[in-house]
Amino acid sequence: MGEQSSEPHKSDVRPLKIALLGCGVVGTEVVRLLVTHQADFAARVGVPLELAGIAVRRAGRRRDVPVDPDLFTTDAAALVRRGDIDLVIEVIGGIEPARSLILAALENGASVVTANKALLAEDGATLFAAAEKHGADLYYEASVGGAIPLIRPLRESLAGDRVRRVLGIVNGTTNFVLDRMDTEGTGFSEALEEAQELGYAEADPTADVEGFDAAAKAAILAGLAFHTRVLASDVHREGITEVTAIDIESARAMGCVVKLLAIAELSADGSGVGVRVHPAMIPRDHPLASVREAYNAVFVESAAAGQLMFYGAGAGGAPTASAVLGDLVTVARNRVQSARGAAASTYAQLEVHPMGETLTRYHISLAVDDRAGVLASVAAAFSRQGVSIQTVRQEGRGEDAQLVVVTHQAADRALAATVNDLEELDSVREVTSVMRVEGLGDK
Ligand SMILES: NC(=O)C1=CN([C@@H]2O[C@H](COP(=O)(O)OP(=O)(O)OC[C@H]3O[C@@H](n4cnc5c(N)ncnc54)[C@H](O)[C@@H]3O)[C@@H](O)[C@H]2O)C=CC1
Ligand SMILES: N[C@@H](CC=O)C(=O)O
Ligand code: NA
C-alpha cells in the first residue's frame with residue numbers, strides 16, 4: 001500500500017469495530033495487513049477500522065500476529081453478539097459453527113465478509129435472507145478464485161449482459177498437484193503435501209482433491225452468472241484422485257494437458273444450466289493450459305462483452321486476505337454511508353440439467369489385440385451409442401497395441417455407455433485412459 005490520507009481522520013470519529021472469526025492461513029494475513037495498513041484503511045473508508053476481537057479454537061497458542069493478546073477469545077458466539085461489533089470476518093470455514101456465527105452476526109446488525117464457499121454453496125439462501133432481513137451486507141469475493149476479482153465483476157460489471165458460459169480452473173491445490181505431475185513427474189501424494197505446506201489446501205484436503213471445493217465455487221459462479229440458485233449438490237463432480245500418470249502421458253501424446261475444470265453453461269434454449277467439475281484434457285496452446293501452480297483462471301463468455309478472462313492467485317493466505325479486505329472496505333464504506341450492496345439476484349429460477357444430457361467429447365485409450373477386425377468392433381461400440389469418432393490412431397504393435405480415440409461431441413450419457421461397452425469387448429484388453437476433452441471446439 002503506502003498511500004496515505006491527505007486528511008488525517010478526526011479523532012472524534014467512532015471507529016468501525018471488527019470481529020475476526022478464525023486465525024489460520026487466511027485470518028493471520030488479514031490481521032497482518034489490517035494492522036500494517038491501518039492508516040490507509042481509515043483514509044479509504046473515512047473512519048478508522050479497529051480489530052475488536054479475534055475468535056480462535058484454542059487459547060494460549062503462540063500466534064505470529066502483531067496484536068494485543070487480549071483480543072483473542074475462544075468464545076466466537078459471544079464475540080459476534082457484542083453490541084459494539086459493526087463488521088464480522090468469517091475465515092473459519094466449513095458449515096458449522098460458521099453458519100450459526102454468521103447468522104448471529106447478521107441478526108446483531110453487523111455486516112459480514114466471508115471466504116466460505118462450502119457454506120455459501122450449501123446454504124447461501126439462508127444467509128442472504130438474514131442479511132436482507134437485518135439490513136446488513138454479506139460479501140464473499142474471497143470465496144471463489146482467491147484474490148481474483150470474480151464475484152464483483154459477475155454481480156456488478158456484467159449485470160447488464162447475458163452470460164452464456166463460465167469455464168475455468170478454480171481450485172489452486174488440484175492445479176498445483178496436476179502441474180507438478182505434468183512438469184516434474186511428481187507423485188500425487190508428494191505434490192499434495194507440498195500444496196498443504198504452502199497453505200493452499202482446505203483443512204481437509206479431500207475437499208480439494210475430490211472436487212468438492214471446485215464444485216462449491218462452480219455453484220456460486222453459476223448462480224451469479226445466470227441469476228439463479230445453484231447448490232453444490234446440483235453440480236456434477238469428479239475430482240483428480242483417479243487421474244493417473246498414464247492419463248497425463250496420454251494427454252501429452254496428443255498435445256494436451258490435464259486440468260480440473262469447472263464449467264457452467266446455459267442450455268441452447270436458455271431454459272436451464274449445466275454445471276460440472278471434472279478433470280479434462282485441454283490443448284497445450286489453450287490459455288488455460290498455461291495456468292501453472294496454484295493460479296486460477298476463469299473465462300466468462302457473454303452475449304455483448306464476448307470473451308473475458310480473469311487470472312491470478314487462487315489460493316494462499318495473502319492473496320485471499322486481499323479479497324477479504326477489499327470486501328471489508330466496501331462493507332465499511334456502505335456502513336459509513338448507511339447504504340447496502342445489492343441483494344443476491346436469483347429471479348431466473350433455472351433448472352439444473354443432469355450431466356448425462358451435457359454435450360462433451362471424450363479421449364479414450366484402449367489396450368487391444370493387434371489383429372484384423374479389432375478396429376471394426378471398437379468402431380461398432382461407438383456407433384451403437386450414436387457417438388461419432390473424430391480421430392482414431394493405433395500406437396505400438398503386438399502386446400503393446402493401443403487404440404487412441406477422440407470423439408466428436410455427444411451426450412455424456414452416450415459416451416459413458418460407450419466406455420462400458422468397450423470394457424466388455426473381447427478384443428479390448430483394458431480401457432487404459434478415459435477423459436473428457438475441452439477446448440478443441442464444439443464439434
Ligand atoms: N487457504 C486458502 O488459500 C483459501 C481459503 N479460503 C477459505 O477461507 C477460509 C479459511 O481458510 P484457511 O485460513 O485456509 O483455513 P485454516 O484451517 O488455516 O484456518 C481456519 C482457522 O479457524 C479456526 N477455527 C476452527 N473452529 C473455530 C471456532 N469455532 N472458533 C474460532 N476459530 C475456529 C481453526 O483453528 C483455524 O485456525 C475457509 O472457508 C477456506 O475455504 C478461500 C480461499 C483461499
Ligand atoms: N483450497 C482452495 C483454497 C482456495 O479457495 C484451493 O486450493 O483453491
Ligand atoms: Na475472488
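Numbering of residues begins at 1 and proceeds along the displayed sequence. Remember, it's 1-based here, ligands and their atoms both numbered in the order they're listed.
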*Between Glu202, Lys217, Glu90, flag the one that comes closest to atom 40 (C) of ligand 1 by a heavy atom.*
Glu202

*Of the protein's non-hydrogen atoms, which lies at the shortest distance from atom 10 (C) of ligand 1, and what is that distance?*
Val91 O, 3.3 Å

_Heavy-atom pair of closest approach, residues Ala411 and Leu359_ = N-CD2, 3.8 Å

*Interfacing atoms of ligand 1 (cut-off 4.0 Å, heavy-atom, Gly93)*: 38 (C), 39 (O)

*Starting from atom 7 (O) of ligand 2, locate the nearest protein heavy atom and write down its residue, its atom name and how far away it is, to 0.1 Å.*
Thr173 OG1, 2.6 Å

*Nearest to atom 17 (O) of ligand 1, what protein heavy atom do you find, and at what distance?*
Ala203 CB, 4.1 Å

*Donor-acceptor pair, Asp327 side chain versus Val113 backbone, under 3.5 Å?*
no

*Before signing off on this row, confirm whether Glu202 and ligand 2 have an N or O atom pair separated by under 3.5 Å.*
yes

*Can you figure out which of Lys117, Arg58, Glu96 has its heavy atom closest to atom 42 (C) of ligand 1?*
Lys117

*More than 12 heavy atoms of other groups within 6.0 Å of Asp68 CG*: yes

*How far is atom 44 (C) of ligand 1 from its nearest protein heavy atom, and which residue and atom name does that atom have?*
Thr320 OG1, 3.1 Å

*Show which atoms of ligand 1 fall inside a sub-4.0 Å distance from at least one heavy-atom site of Gly199.*
1 (N), 2 (C), 3 (O)

*If you count the atoms of ligand 2 from 1 in the order shown, which ones are under 4.0 Å from a heavy atom of Asp208?*
1 (N), 2 (C), 6 (C), 7 (O)

Let me check something: any side-chain donor-acceptor pairs from residues 71-78 under 3.5 Å, sequence neighbours excluded? List them with distances.
| from | atom 1 | to | atom 2 | distance (Å) |
| --- | --- | --- | --- | --- |
| Thr73 | OG1 | Asp75 | N | 2.9 |
| Asp75 | OD1 | Ala78 | N | 3.1 |

_Keeping Asn175 on the side-chain end and Val291 on the backbone end, is there a donor-acceptor pair under 3.5 Å?_
yes

_Closest non-hydrogen atom pair between Gly46 and Val13, with its separation_ = O-CG1, 4.5 Å

*Does Pro97 have a non-hydrogen atom less than 4.0 Å from ligand 1?*
yes

*Measure the distance from atom 13 (O) of ligand 1 to every protein heavy atom, then report the residue, atom name and distance (to 0.1 Å) of the closest one.*
Val26 N, 2.9 Å

_Quick check for you: within a radius under 3.0 Å, how many protein N, O or S atoms neighbour the Na ion (ligand 3)?_
5

*asked:* I need the atoms of ligand 1 closer than 4.0 Å to a non-hydrogen atom of Gly316, numbered in the order shown.
replied: 2 (C), 3 (O)

*ligand 1 atoms in contact with Ala315 (distance to a heavy atom under 4.0 Å)*: 3 (O)

*Name the closest protein heavy atom to atom 19 (O) of ligand 1, giving the residue it belongs to and the distance to 0.1 Å.*
Gly24 CA, 3.3 Å

*Say whether, by atom type as modelled, one donor and one acceptor occur between the side chain of Glu193 and the main chain of Gln196 under 3.5 angstrom.*
no

*Check Ala98 against ligand 1 and report side chain, backbone, both or neither, counting heavy atoms closer than 4.0 Å.*
neither

*asked:* Could you identify the single nearest non-hydrogen protein atom to atom 5 (O) of ligand 2 and state the distance to 0.1 Å?
replied: Lys117 NZ, 2.5 Å

*Would you say Ala201 contacts ligand 2, with heavy atoms under 4.0 Å as the rule?*
yes

_Check this for me: does any side-chain nitrogen of one of Glu90 and Arg99 sit under 4.0 Å from a carboxylate oxygen of the other?_
no

*Ser365 backbone acceptor or donor facing Thr432 side chain under 3.5 Å*: yes

*Kindly confirm or rule out an N or O of Ser143 lying under 3.5 angstrom from an N or O of ligand 1.*
no

*Could you check which of Ala203, Gly172, Gly199 puts a non-hydrogen atom nearest to atom 8 (O) of ligand 2?*
Gly172

*Between Ile282 and Val437, is any pair of side-chain heavy atoms under 4.5 Å apart?*
no

*Donor-acceptor pair, Thr228 side chain versus Leu350 backbone, under 3.5 Å?*
yes

*Counting only heavy atoms, which portion of Asp213 has something under 4.0 Å from ligand 2: side chain, backbone, both, or neither?*
side chain

*Could you tell me whether the side chain of Glu141 and the main chain of Leu150 form a donor-acceptor pair under 3.5 Å?*
yes

_Closest protein heavy atom to atom 28 (C) of ligand 1, given as residue, atom name and distance to 0.1 Å_ = Ile92 CD1, 3.7 Å

_atom 15 (O) of ligand 1 touched by protein (heavy atom, under 4.0 Å)_ = no

*Sidechain-backbone polar pair: Asn334 side chain, Ala339 backbone, donor-acceptor under 3.5 Å*: no

*asked:* If you apply the rule side-chain hydrogen bond (donor to acceptor under 3.5 Å, both in side chains), what do you find for Asp247 with Ser433, and how did you get there?
replied: CA-CA 6 Å; Asp247 294 324; Ser433 170; 2.6 Å; yes

*Considering heavy atoms of the protein only, find what lies nearest to atom 34 (C) of ligand 1 and give residue, atom and distance to 0.1 Å.*
Arg57 NH2, 3.8 Å

*Give the numbers and elements of all ligand 2 atoms closer than 4.0 Å to a heavy atom of Lys217.*
2 (C), 4 (C), 5 (O), 6 (C), 8 (O)

*Counting only N and O atoms by type, is there a donor-acceptor contact under 3.5 Å from the side chain of Asp161 to the main-chain atoms of Ala304?*
yes

*What are the atoms of ligand 1, with element, lying closer than 4.0 Å to any heavy atom of Gly22?*
22 (O), 32 (N)

*What part of Ala195 sits under 4.0 Å from ligand 2 if we count only heavy atoms: the side chain, the backbone, both or neither?*
neither

_Tyr200: numbered ligand 2 atoms lying under 4.0 Å from its heavy atoms_ = 1 (N), 2 (C), 3 (C), 6 (C), 7 (O)

*Would you mind listing which atoms of ligand 1 come within a distance below 4.0 Å of any non-hydrogen atom of Ala55?*
31 (C), 32 (N)

*Test side-chain hydrogen bond (donor to acceptor under 3.5 Å, both in side chains) on Asp208 and Thr174 and set out the steps.*
CA-CA 6 Å; Asp208 297 294; Thr174 48; over 6 Å; no

*Non-hydrogen atoms of Ala214 and Asn171 that approach each other most closely*: CB-CB, 4.3 Å

*Pair Glu96, Ser100: side-chain N/O donor-acceptor within cut-off below 3.5 Å*: yes

*Does the Arg165 side chain pair with the main chain of Glu265, one donor and one acceptor, at a distance under 3.5 Å?*
no

_atom 8 (O) of ligand 1 - nearest protein heavy atom and its distance_ = Ala115 CB, 3.4 Å

*Which atoms of ligand 1 are found less than 4.0 Å from any heavy atom of Ala142?*
42 (C), 43 (C)

_Please classify the Val25 to ligand 1 contact at 4.0 Å (heavy-atom distances, strictly less than): side chain, backbone, both or neither._
both

_Ring geometry between His286 and Phe299 (parallel below 30°, tilted from 30 to 60°, perpendicular above 60°)_ = perpendicular

*Just heavy atoms, cut-off under 4.0 Å: does Asn171 contact ligand 2 by side chain, backbone, both, or neither?*
both

*Crowded around Glu242 CD? As in, over 12 foreign heavy atoms under 6.0 Å?*
no

*Arg340 side chain to Ala136 main-chain N or O, any donor-acceptor pair under 3.5 Å?*
yes

